[in-house]
Amino acid sequence: MPLSKNEIRKRATAFAHEWRDAHNEDADAKSFWDGFLNVFGVPRKRVAVFEQLVKKLDDRQGYIDLYWPGKLVVEHKSRGKDLAKAHGQAIDYLHGLKDTELPEYIVVSDFARIHLHHLETGAAFELKLAELPKHIDRFDFISGYTSHAPREQDPVNIRAAELMGRLHDELKATGYEGHALEVYLVRMLFILFADDTGIFENNAFADWVYGHTSEDGSDLGPKLERLFQVLNSEKAQRSRNLDERLAEFPYVNGKLFEERLPMADWDGAMRITLLEASQLDWSRISPAIFGALFQSVMDPKARRDLGAHYTSEANILKLIKPLFLDELWEEFNRVKGTAPTTKQRMAKNRVPTPLEKFHKKLSELRFLDPACGCGNFLVITYRELRRLEMEVIRALMKGQQVTNVDQLILLNVDQFYGIEIEDFPAQIAQVALWLTDHQMNQEIGQAFGEYVVRIPLRKSATVLNANALRTDWAAPLPKGKRYDYILGNPPFVGSKLMTAEMRTDLLAAMDNAPNSGILDFVCAWYGLGARYMQLHGQGSTTCAFVSTNSIAQGEQVAALWGPLLAQGIKIHFAHRTFRWNNEARGVAAVHCVIIGFADHDTPKKRLYSYSDPKAEPLVEVVDNINPYLVAGRDVLIPSRSKPICNVPEIVFGSMPNDGGHLIIEDDAKREFLKQEPGAKKFVHRFVGAEEFINGLDRWCLWLKHASPQELKAMPLVLERVTKVKAHRSSSKRGATQKLASTPTLFGEDRQPNSSYIIIPSVSSEKRPYVPIGFMPKDVIASNLCLVVPGAKLFHFGILASAMHNAWMRAVAGRLESRYRYSNKIVYNNFPWPSSPTAAQRAAVEAAAQGVLDARANHPGSSLADLYDPLTMPADLVKAHQALDRAVDKCYRSKPFESESERVGYLFERYEEVVGGVLGGGMANSTRKS
């Protein structure tokens, strides 16, 4: 047990007094730190070493003044020295430490001052030695008062997974594999955890292995099998001749040790691995994190990126807080003052108070994760609910003496359900919930000063090992019961990457609705979630899933949300695009959304927006969230081949389909023309999105008007044309083979005959405006751009405005987090101003010219430079602001206060245009009366 705070404070006062007058000539750093740790009741020799040798970043050797593995690195200097420099030295030492031994904190001191720095959060604090008694709470991580909140890559979690991985490999090498190996390892996980958390007598298992099995491991297999039998037997049913050490182990139940497994053959090396694992502090394991790490040990490739394949707690909380947790805490705060009085407690047949009713409500909630993996969403949900229940019990028992707190706990793991297609993670999920239950029992036991343990296991979560897309989600429930919340993180598989089996399941889940084939795999869970609510939810079930952001963008929106809106589904909350945490080297970032939805409405809807995919969200309470995850009416934007307004049509640029043989890179152009000077008039600038935005030069052979005589006079050109013909002839596509008959021409020629507006097909989400521009007809636009032939300055002004860019950000698809401009979704559905006056058009044209003039003031800068939010020139910023004001006035006289207001207005305008001009359509068909 840690020292009392009063005792620590008393020791801190004495320590500060003892060292206040220490001078460099008689001060001893080792004595100082021995005394410092003693303040907090920690004997230094048991946990830390002086002068730890390490290899620094520059490969030279250095010495850490005081090193406590996994906890603390201390760099000590003489009085008055630069502590910032000392901190830099300490950072340099980290390079020489193993990942599993990296500290949580760096402390630097010069006797008179102590600087504390938390490596994970970056939080820093400095105090004078005399102030130590006032700030002892800053060092709770030393004294043991702070319950260890596992870091997402806590060294204990990582090390535990590594050791389980080694044990897995050693068992598998003996021929022990498959289902038996998976169950065996799950049992070992539970046993190791039980050994450190009070389920077993402390270290009972480690001592039993060490003292009662042979060093060569030859008898460990049969003895472990006997232990499994003991853990599965009630004490009354055990043999009277059972070894007394085994008899001390409790009855576990829960069917964890029920299945009879083949006996495993151990050896001395495997026994050492098990003993090494037993020396870890398994009480510090996070079931939410360790489960995914544990699963990864089964896959050698995944093990190389250990720590990368889990869902962070922060991201799980982004889902569960708006789904139910925030609301439950709000309800608790409303009723926490309604605990029954002593008189009420003694009354017969009394009516429960609101607080008691709330407590009962918590115990009756049911949760399903239909793609649960190792159960991390269920684990964090259960943990957070148990912590809420602990506060409920505090409020219920305020002023009362609490005894038998275990009888006050109503929540249990049998409120949780999962479906998981793989056997091993399904087993981990069930055990992870038991581990979490025990951790929460310890937490509430510490809070009320009692020992709480629920062994034998009387209740368990229900986790089906099945394909969730071919399973009745209601099947695991007791008759007449329903899920209150369905949640999780279904698989991220893009539409073009699905297997045939996945596609079959997706189409069935979506009831073969039109265009379902373009949907990502995750949409199947939305379809089945909606189906469950329609059949069983009774208007009381809410779903929320983490999803690829593509389901709220571009053409997938109408395909998914058309059928869902028709069933009365409403979005209750949403996180717009954010970056899914994944810190492994070489693993691509995933950009996600979270959508909470139900078949009933709610008056307060919360929309979480991110200024940057890595930023923290800003929350806005809105009346409605539409499928594009913007505040506005439920409107769906279909793919259209023509604009909804009377404006010039837009097309993609020209596609060479040439194998690269009609393209000339800038560094090769001079040499090519030197050898083939006659080709000069046929070499044109060739501009794609990258060339346009970054100001790069690239060229192509544009032979559309070259005569046969001219072609024959250019052997190098004919050589390239011959290669184009061969490339197209060898294609497996019939359409490409036909193009071999015209090898001098681009495969698709959409080059305008006059100047045109060019729009890059992909642009960074960081830019306030998608850069667009005018191009002369002799510059060839590639198919990586879109072109608007015949567009005028007024059209440029509208397309370059904040109004159009807000629309684009709302409805465009994305490539990762970058915007993908679409002709059929963005441009053709854009609601242009209805009838601007001549004066308004002139104002837009003047402001548009102002933007072009501002760009021209910076001839050495690319559009990427000009539209970088950090380097955008002031005159260009002002020019765009003037353009925005002019365009806004074409829509209405009142200024727009925010982008969300612009988007809401544009969706209303879209409905007017589609309903009035096109006589209905998808926007009207989903409007609620």
Side-chain angles (χ1 to χ4, degrees), residues 311-334 365 367 369 377 380-381 384-385 388 483-489 522 525-526 529-530 533 537 539-549 551-553 557 560-561 564-565 568-581 591-635 806 809-811 897-905 907 928:
T311 305
S312 73
E313 291 190 19
N315 281 334
I316 295 173
L317 289 170
K318 283 178 182 176
L319 185 149
I320 69 173
K321 283 168 67 67
L323 178 61
F324 62 86
L325 194 59
D326 288 343
E327 188 175 306
L328 289 176
W329 273 101
E330 289 169 9
E331 184 176 352
F332 167 67
N333 286 324
R334 288 196 302 269
L365 296 175
F367 300 82
D369 184 344
F377 275 78
I380 297 299
T381 294
E384 293 303 309
L385 286 172
L388 173 55
Y483 301 116
D484 295 277
Y485 301 101
I486 299 173
L487 69 163
N489 176 21
V522 69
W525 277 259
Y526 282 79
M533 289 188 284
S540 300
T541 301
T542 308
C543 292
F545 295 126
V546 181
S547 313
T548 44
N549 62 358
I551 74 166
Q553 302 162 355
V557 178
L560 171 62
W561 289 99
L564 297 186
L565 292 175
I569 298 298
K570 300 290 292 183
I571 296 176
H572 285 200
F573 73 90
H575 282 264
R576 303 186 75 191
T577 296
F578 66 95
R579 183 184 177 117
W580 193 250
N581 290 354
H591 293 84
C592 299
V593 295
I594 297 173
I595 302 175
F597 61 100
D599 64 344
H600 56 276
D601 207 354
T602 183
K604 286 174 142 184
K605 300 178 177 70
R606 282 172 285 182
L607 183 60
Y608 298 83
S609 300
Y610 297 77
S611 58
D612 178 274
K614 300 183 202 174
E616 289 301 307
L618 298 173
V619 63
E620 182 182 6
V621 178
V622 298
D623 294 330
N624 196 66
I625 300 172
N626 73 21
Y628 296 90
L629 307 190
V630 298
R633 294 166 62 89
D634 287 332
V635 177
R809 279 187 281 271
V811 304
E897 299 294 330
S898 65
E899 176 151 318
S900 62
E901 187 179 347
R902 291 180 190 277
V903 173
Y905 179 91
F907 272 110
K928 304 295 181 184

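This one's a predicted model, so the numbers in the text were calculated from it and none came from an experiment.
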Donor-acceptor contact below 3.5 Å, side chain [X] vs main chain [Y]:
X: T541; Y: Y483; value: yes
X: N626; Y: R633; value: yes
X: R576; Y: L629; value: yes

Straight-line distance of [X] [atom1] to [Y] [atom2], nearest 0.5 Å:
X: E384; Y: I316; atom1: CD; atom2: CD1; answer: 10.0 Å
X: E327; Y: R606; atom1: CD; atom2: CZ; answer: 7.5 Å
X: I625; Y: L607; atom1: CD1; atom2: CG; answer: 5.0 Å
X: L319; Y: I594; atom1: CG; atom2: CD1; answer: 5.0 Å
X: M533; Y: T542; atom1: CE; atom2: OG1; answer: 7.5 Å
X: L560; Y: I595; atom1: CG; atom2: CD1; answer: 7.5 Å

Next item on the list: Pick out which of H575, R579, E616 makes a side-chain hydrogen bond (donor to acceptor under 3.5 Å, both in side chains) with Y610.
Entry: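 For Y610, the side-chain hydrogen bond (donor to acceptor under 3.5 Å, both in side chains) check succeeds only for H575.
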
Compare all side-chain heavy atoms of [X] with those of [Y] and state whether any distance is below 4.5 angstrom.
X: N315; Y: N489; value: no
X: Y485; Y: T381; value: no
X: L385; Y: L328; value: yes
X: V903; Y: Y628; value: no

Taking every non-hydrogen atom, the tightest pair across [X] and [Y]:
X: V630; Y: A810; answer: CG1-CB, 4.0 Å
X: A530; Y: L564; answer: CB-CD2, 3.6 Å
X: P627; Y: V557; answer: CB-CG1, 3.5 Å
X: I571; Y: A574; answer: CG2-CB, 4.4 Å

Item checked: D623, CG: over 12 other non-hydrogen atoms inside 6.0 angstrom ->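 Open: at most 12 neighbouring heavy atoms sit under 6.0 Å from CG of D623.
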
Check: Does atom CD of E620 have more than 12 heavy-atom neighbours, drawn from other residues, nucleotides or ligands, at distances under 6.0 Å?
Finding: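 Above 12, so yes.
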
Item checked: Partner of F324 by ring pair (Phe, Tyr, Trp, His ring centres under 6.0 Å), out of F573, F367, W329 ->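 For F324, the ring pair (Phe, Tyr, Trp, His ring centres under 6.0 Å) test succeeds with only one of F573, F367, W329, which is F367.
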
Would you tabulate the side-chain donor-acceptor contacts of residues 596-603 under 3.5 Å, counting partners in other chains and residues two or more places apart, or write 'none'?
unit_1	atom_1	unit_2	atom_2	d
H600	ND1	G539	O	3.1
D601	OD1	K605	NZ	2.7

Margin query: Using the rule side-chain contact (heavy atoms from CB on, under 4.5 Å), only one of I569, L487, I486 pairs with C543; which is it?
Written below: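 So, applying the side-chain contact (heavy atoms from CB on, under 4.5 Å) to C543 and each of I569, L487, I486, only I486 qualifies.
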
Notebook entry, point to check: Can you say whether the rings of F545 and Y526 are parallel (under 30°), tilted (30 to 60°) or perpendicular (over 60°)?
Noted result: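 Rings of F545 and Y526: perpendicular, over 60°.
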
Check: Does the pair K318 and F578 meet the rule for a side-chain contact (heavy atoms from CB on, under 4.5 Å), with working shown?
Finding: CA-CA 11 Å; K318 283 178 182 176; F578 66 95; 3.5 Å; yes

